[in-house]
Amino acid sequence: MRTPFIMTPGPTQVHEEVRKAMSREATNPDLDENFYEFYKNTCNKIKRLLNTENQVLILDGEGILGLEAACASLTEQGDRVLCIDNGIFGKGFGDFSKMYGGEVVYFESDYRKGIDVEKLEEFLKRDSNFKYATLVHCETPAGITNPIDKICTLLNKYGVLSVVDSVSSVGGDEINVDEWKIDIALGGSQKCISAPSGLTFLSISEKAMDTMINRKTPIAAFYCNLTIWKGWYEEKWFPYTQPINAIYALDCALDRLLETDYINRHKTIANATREALVKSGLELYPLDSYSNTVTTFLVPEGINFEDVFEDMMKDHNIMIGGAFDYLKGKVIRIGHMGENCYEEKIYITLKALDTVLKKYGAKLNGEIYKHFVD
């Protein structure tokens, strides 16, 4: 079976150097003090990505673990939680708060646009009695990037902790945790970092950690309890055995990313991809606030997404993304993040897509891939 050329918005392709790093001989991470230093140094590299001095942790579980752990650790029965919702992931974030007894209030926004900060402030002027707010930086199904710089500073102004799902943006878009007053920023290994899937990383402000520690009731979880990490480095004690080889791979992937001008690269490729699609006559799903890591556009009228997906795989061995929920069958997604975010890879993808769409009768203006290099 041939391995497909993965051009989805995560998981992304994994470089050979990262795969080799994952195959390094493992030690016992609980007993080898050298590994505690390695873990800490890897966390410090993540701090550089996030632009923070806050505590950073790497957790053994895919990115959703971080979302649930943040909600589990912060939420007590009856806490009011604000869910800032302008998409599938934004709305779904509220479910984690509900699981742990939170009373969730939704601030709803246009699903084809970035969060309107002025409307959010008008909302908070009327009601800001929330323990914390959840929001998504890159709403991946829609291809929208929300202005978390403005949103999180606004939440901080009203005394509301911020929990940000930045899984699809960290390493591909600018994020300044300390400057923007982000209390918890969540990332994942398999997106822009281009490491194997299976790890969450997150930063936690002192204010957020103090809130967790000073709860009135115990946290209803162990694996999702972020306070169990208190003193891990000083005491040389992990709360559970670490996935050492996955962290070796993550560390290598971080080195590869940090040695490049990754923000400018993602921005340049994203702009060129969108421009090529629009010049070809295709319609982008977002109306503004375009993502630098994923482009989402509407399936042309009269064409079935499954046919496009299957032909891209069968005839070109390229895997692109669709979507789910209310967007199922309606959009096509191309991931230009991490190892996917290089001109030649997007060119190959758009050339194949041009062939497949025309096969099914799409009326395009010229060739998509030629617009990409113009």
Side-chain angles (χ1 to χ4, degrees), residues 8-12 14 18-19 21-22 26 28-30 35-36 38-40 42-43 45-47 49-50 54-75 88-90 92-100 102 132 134-138 140 163-171 177 182-204 208-209 212 218-230 232-233 237-254 324 337-338:
T8 59
T12 55
V14 177
V18 178
R19 291 196 293 270
M22 196 170 189
N28 184 323
D30 294 312
F35 182 74
Y36 287 89
F38 183 87
Y39 181 100
K40 183 181 180 182
T42 304
C43 290
K45 293 173 186 178
I46 295 169
K47 287 185 177 186
L49 278 183
L50 298 175
N54 288 342
Q55 178 183 20
V56 166
L57 298 173
I58 303 165
L59 308 181
D60 184 10
E62 192 271 338
I64 281 181
L65 171 61
L67 276 64
E68 182 171 350
C71 295
S73 299
L74 284 171
T75 312
I88 295 171
F89 287 169
F93 214 154
D95 293 338
F96 293 112
S97 299
K98 291 177 184 176
M99 289 176 191
Y100 294 95
Y132 67 91
T134 62
L135 62 150
V136 175
H137 191 188
C138 175
T140 323
V163 180
V164 179
D165 171 359
S166 49
V167 172
S168 295
S169 57
V170 175
V177 164
I182 301 172
D183 290 293
I184 299 180
L186 304 153
S189 57
Q190 78 276 21
K191 300 279 189 173
C192 302
I193 312 299
S194 289
S197 57
L199 296 178
T200 287
F201 55 85
L202 69 161
S203 65
I204 312 170
M209 183 56 77
M212 297 173 192
I219 296 171
F222 178 81
Y223 213 64
C224 289
N225 181 347
L226 295 174
T227 67
I228 61 176
W229 287 83
K230 185 176 174 59
W232 70 269
Y233 179 73
W237 179 85
F238 288 119
Y240 49 79
T241 300
Q242 295 304 293
I244 183 169
N245 291 87
I247 296 175
Y248 284 157
L250 174 64
D251 184 76
C252 178
L254 287 166
F324 50 97
M337 53 174 66

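Values below: all heavy atoms of this structure, side chains included; hydrogens, waters and symmetry mates excluded.
Between Ala72 and Ile219, the shortest heavy-atom contact is O-CG2, 3.6 Å. The minimum heavy-atom distance linking Glu68 with Phe96 is given by the pair CB-CD2, 3.8 Å. The minimum heavy-atom distance linking Ala249 with Met22 is given by the pair CB-CB, 3.8 Å. Shortest non-hydrogen contact noted between Ser166 and Leu186 is OG-O, 2.7 Å. The two residues Ile228 and Trp237 have their closest heavy-atom pair at O-CZ3, 3.7 Å. The two residues His137 and Ser169 make their nearest non-hydrogen contact at ND1-OG, 2.7 Å.
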Full working for side chain to side chain contact (heavy atoms under 4.5 Å, CB included) between Met212 and Ile204
CA-CA 10 Å; Met212 297 173 192; Ile204 312 170; 4.2 Å; yes
How far apart are the C-alpha atoms of Asp60 and Tyr240, what are their side-chain angles, what is the distance that settles it, and do they pass the side chain to side chain contact (heavy atoms under 4.5 Å, CB included) test?
CA-CA 9 Å; Asp60 184 10; Tyr240 49 79; 3.7 Å; yes
Give the intermediate values and the outcome of side chain to side chain contact (heavy atoms under 4.5 Å, CB included) for residues Ile58 and Cys43.
CA-CA 7 Å; Ile58 303 165; Cys43 290; 3.9 Å; yes
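In terms of the side chain to side chain contact (heavy atoms under 4.5 Å, CB included) criterion, residue partners of Thr8 (sequence neighbours excluded) are, by chain and number, Ile6, Met319.
Ring-plane geometry between Phe38 and Phe35 is classed as parallel, the angle between the planes falling under 30 degrees on a 0 to 90 degree scale with a further cut at 60. A parallel orientation is assigned to the rings of Phe238 and Trp232, their planes being inclined by less than 30° (bins at 30° and 60°).
Atoms OH and SG, from Tyr100 and Cys224 in turn, are 4.5 Å apart once rounded to the nearest 0.5 Å. If you take CD on Gln55 and NZ on Lys47, they are separated by 8.0 Å, rounding to the nearest 0.5 Å. Remark: Asn28 CG to Gln242 CD distance equals 11.5 Å, nearest 0.5 Å. For the atom pair SG of Cys252 and CD1 of Ile193, the computed distance is 12.5 Å after rounding to the nearest 0.5 Å. Distance check: Met99 CE to Cys71 SG gives 9.0 Å after rounding to the nearest 0.5 Å.
The closest side-chain heavy-atom distance from Tyr132 to Ile184 is not below 4.5 Å. Taking 4.5 Å as the limit, every side-chain heavy atom of Asp165 sits out of range of all side-chain heavy atoms of Thr134. The shortest side-chain heavy-atom distance between Val170 and Phe201 falls under the 4.5 Å cut-off.
Ile182 pairs with exactly one of Val163, Leu135, Val177 by the side chain to side chain contact (heavy atoms under 4.5 Å, CB included) rule, that one being Val177. Of the residues listed (Asp251, Ile244, Leu250), the one engaging Tyr248 in a side chain to side chain contact (heavy atoms under 4.5 Å, CB included) is Ile244, and it is the only one.
Looking at Ser73, its side chain does come within 3.5 Å of a backbone N or O of Leu226 through a donor-acceptor pair. Looking at Tyr223, its side chain never comes within 3.5 Å of a backbone N or O of Leu65 through a donor-acceptor pair. Under a 3.5 Å cut-off, the side chain of Lys191 and the backbone N or O of Thr12 do not form any donor-acceptor pair. For the pair Thr200 (side chain) and Glu62 (backbone), a donor-acceptor distance under 3.5 Å is present. Formation of a donor-acceptor pair under 3.5 Å by the Thr227 side chain with backbone atoms of Asn225 is not found in this model.
Defined by atom type and a distance below 3.5 Å, a donor-acceptor pair is missing between the side-chain atoms of Ser203 and Asn54. Between the side chains of Thr75 and Ser97, no donor-acceptor pair of N or O atoms lies under 3.5 Å.
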